[in-house]
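Working notes, structure below.
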There are 2 protein chains.
Amino acid sequence: MEEKKKDITIYDLAQELNISPSTVSRALNDHHSIGKKTKKAVKKLAKEWGYRPNTLASSLRTNRSNTIGIMVSWINRPFISSLISGIENAARESGLNVIISQSHDNSDLEKENLQALYDSRISALIVSLAMETIDYSHFDLFSDSSIPIVFVDRIPLMNDVTKVHINNFKAAFEATEHLIKQGCKRIAHFGGARHQSIYEDRMLGYVAALKRYNLVVDDSIIIHANYLSAEEGTRITEKVLSLDNPPDGIFCANDTSAVSAIQYAKQKGVKIPEELAIIGFNDDPICEIIDPPLSSVHHPAVEMGEAAVKQAVSMLNEEAPGEPTERVLLDTHVVVRASSKRK
Amino acid sequence: MEEKKKDITIYDLAQELNISPSTVSRALNDHHSIGKKTKKAVKKLAKEWGYRPNTLASSLRTNRSNTIGIMVSWINRPFISSLISGIENAARESGLNVIISQSHDNSDLEKENLQALYDSRISALIVSLAMETIDYSHFDLFSDSSIPIVFVDRIPLMNDVTKVHINNFKAAFEATEHLIKQGCKRIAHFGGARHQSIYEDRMLGYVAALKRYNLVVDDSIIIHANYLSAEEGTRITEKVLSLDNPPDGIFCANDTSAVSAIQYAKQKGVKIPEELAIIGFNDDPICEIIDPPLSSVHHPAVEMGEAAVKQAVSMLNEEAPGEPTERVLLDTHVVVRASSKRK
DNA sequence: AAGGCTTACGCAATCGATTGCGTCTTCTTT
DNA sequence: AAAGAAGACGCAATCGATTGCGTAAGCCTT
């Protein structure tokens, strides 16, 4: 009867119990200055009446929305969607809402949508940069208001920020090393936009591995694409395979291009992995679908999302806005499949 | 100097212009009772000072959060992530935020997280049901508060709700018909949980096609799985292929199981499509990766998301809570690839 | 020129929860 | 038993925007 249409508020509870709304509020928040019996009574009634706090009112008053904003390039990419899935899980366990936004790998859209996220008073921001983004000034909006920012995977080239990512250098080193140990002598590298540290690091790890094993580093088979798409992958593969001195192995900075490489090579009658061993990066689901199955570097997407939330939460709980920037490095491992297994 | 740390409010603008906050508010919202010059002046200053409305305050007052809630099974599935991508695009264009939640195909979690969405005062809800969900009473929370609900893809068996989906019957009919026209005489069907109408309809469309072409409907090769996973797909394929009278075609209700079917069949030396033609459903990216490429029913995920937002918005704009439930049917088409092309 | 309209704007309450400060009990201490 | 301390709770302002109602000024009509 009472709750015909209206939601229950602390005023309703207060009236019923003949106490003040302030007391109800404090009781529900376990404030120390409220008596035990009062707390019990309030909580009991709240449960009975199905009281649900109005988070809008609370957020307005406290200026904390208890919402995490996510800014990613494209939601519908295997890695990203798993990342988001991890974020959503962890956030909801911490009682936080998650609001998402896409940059479509476009800096302007990234900036615009960041404003929208800011306007909705998010408590913390988790970002994986747009491919294009080189300038990071549009994030000042958040740092100036001391809203925690956690960068994930595609992180900026700055030191004083919190980051959750993998050791791309090491992962790339290991992937390349794997190819070398399978007998490859001349390994090509398909990389992404070099201003994105993840791609730069993967290239550096690759180079380091070659040097470590005394192989020649040949720039003509190290190719970077701004968007390492399927089409680019095909184009690049065609390019390196038509060289006088084609590679006998390829380390691709993502699986999409690696799949293209496999498809193109198969079409040209190049035997995989005997004549050409291939390894990708991300361990997308397609790795197990393509024939031959694609070796890849496993990238813990869900865990990264969870770790990012963990960082954000701990930053929120710190009183000091002293920005104790942290850096979480997650483990990767090479998943060996038929595309690179020669022995 | 002035905006050292605080955001600009309508009070700041009002003070500067020597008018009242109410006038500022109305001016910004283009209220008719505000003079032209006043509006101009207010908007000009607002822009100059970078005023950004506090959506929390606004939402609290109006009880409309301008946020769309999404409830899906798993974010990291090709179809779902594309759906969300479409929703996000359309929502942001309409100035709406998007908050997401996953049910993990579990009714209890669905219910729990729906509460959380409700608590955050979403303006509208877009849902694709958890696989388990049979009882829809946990959605009453929203309908009772006349919060628009739009069901997408996995829709409930109710008539008085707004739905955006495809014609599963027709799509299944066409997929099956395609196999028949390729010469299949004995077509198996791998279906999902039958209490989900999408799977029931796909099965019915399949049966209708068989009947239309005078083929025998044999229950022993119509198999339903609660979760049509890769593992189930393998298991089912093994089952039907080991029959005395194995099928010469399979219509799978999703691509995941179809891929398993291809892999299992290949492994057993069954020739695709000559001895066994296969077609899936969803047109996931893996269709083009698997060898042979998998025919499938293209499912317009992004467009469905956009259509769902469109519905939600129009429901929000209607004054009358008379729930003019609508039903949006999107087009599908069969994408023929090598897994089923015999001619 | 006076009454009636329209236009343009301000007052103050409101949404629901939070919180600094003040007050009244009740318990403890000597 | 008196006084100080601690415990328990209420008052009222506050967060920022919205909105019903009221009022003053300007315009037109006859």
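Numbers restart at 1 for each chain; the letters A, B, ... are given by sequence-line order, proteins then strands.
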Can you pull out how bent the helix from C:dA1-D:dT30 to C:dT30-D:dA1 is, comparing the axes over its first five and last five pairs, to 10°?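 Inter-axis angle at the ends, rounded: 40°.
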
- Item | Close residues, residues 35-43 of chain B, relative to DNA chain C [heavy-atom separation under 4.0 Å] |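 Per residue number, the list reads B:Gly35, B:Thr38.
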
Which residues share a salt bridge (Lys or Arg N to Asp or Glu O under 4.0 Å) with [X], sequence neighbours left out:
X        : answer
B:Asp105 : B:Arg77, B:Arg154
B:Asp140 : none
B:Lys43  : B:Asp30
A:Glu110 : none

[atom1] of [X] versus [atom2] of [N]: gap in Å, rounded?
X       : N      : atom1 : atom2 : value
A:Ile19 : D:dG10 : CD1   : C1'   : 11 Å
B:His31 : D:dC21 : NE2   : C1'   : 12 Å
B:His32 : C:dC9  : NE2   : P     : 13 Å

- Message: For the residue pair B:Arg26 / B:Ser33, report whether a side-chain donor-acceptor contact shorter than 3.5 Å exists.
- Response: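 Absent: no donor and acceptor within the cut-off.
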
Provide the full list of salt bridge (charged side-chain N to carboxylate O under 4.0 Å, His left out) pairs with a residue in residues 121-138 of chain B, sequence neighbours left out, each pair given once.
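Every salt bridge (charged side-chain N to carboxylate O under 4.0 Å, His left out) pair that includes a residue of residues 121-138 of chain B, provided the two are not neighbours, is A:Asp7-B:Arg121.
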
Sequence neighbours left out, what pairs pass ring pair (Phe, Tyr, Trp, His ring centres under 6.0 Å) with at least one residue falling in residues 85-105 of chain A?
->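 Qualifying pairs: A:Trp74-A:His104.
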
Pairs flagged by ring pair (Phe, Tyr, Trp, His ring centres under 6.0 Å) wherever residues 13-32 of chain B is involved - sequence neighbours left out: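 Listed once each, the pairs would be none.
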
Quiz item: Can you name the side-chain hydrogen bond (donor to acceptor under 3.5 Å, both in side chains) partners of B:Ser107, sequence neighbours left out?
Solution: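 B:Ser107 satisfies side-chain hydrogen bond (donor to acceptor under 3.5 Å, both in side chains) with B:Thr133 once adjacent residues are dropped.
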
inquiry  = Under the rule for side-chain hydrogen bond (donor to acceptor under 3.5 Å, both in side chains), what residues qualify as partners of A:Arg61, not counting sequence neighbours?
reply    =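 Residues passing side-chain hydrogen bond (donor to acceptor under 3.5 Å, both in side chains) with A:Arg61: none at all.
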
Expected string for nucleotides 13-21 of chain C under the B/S/- scheme (protein heavy atoms, under 4.0 Å, primed atoms plus P, OP1, OP2 as sugar-phosphate) is BBBBBBBB-

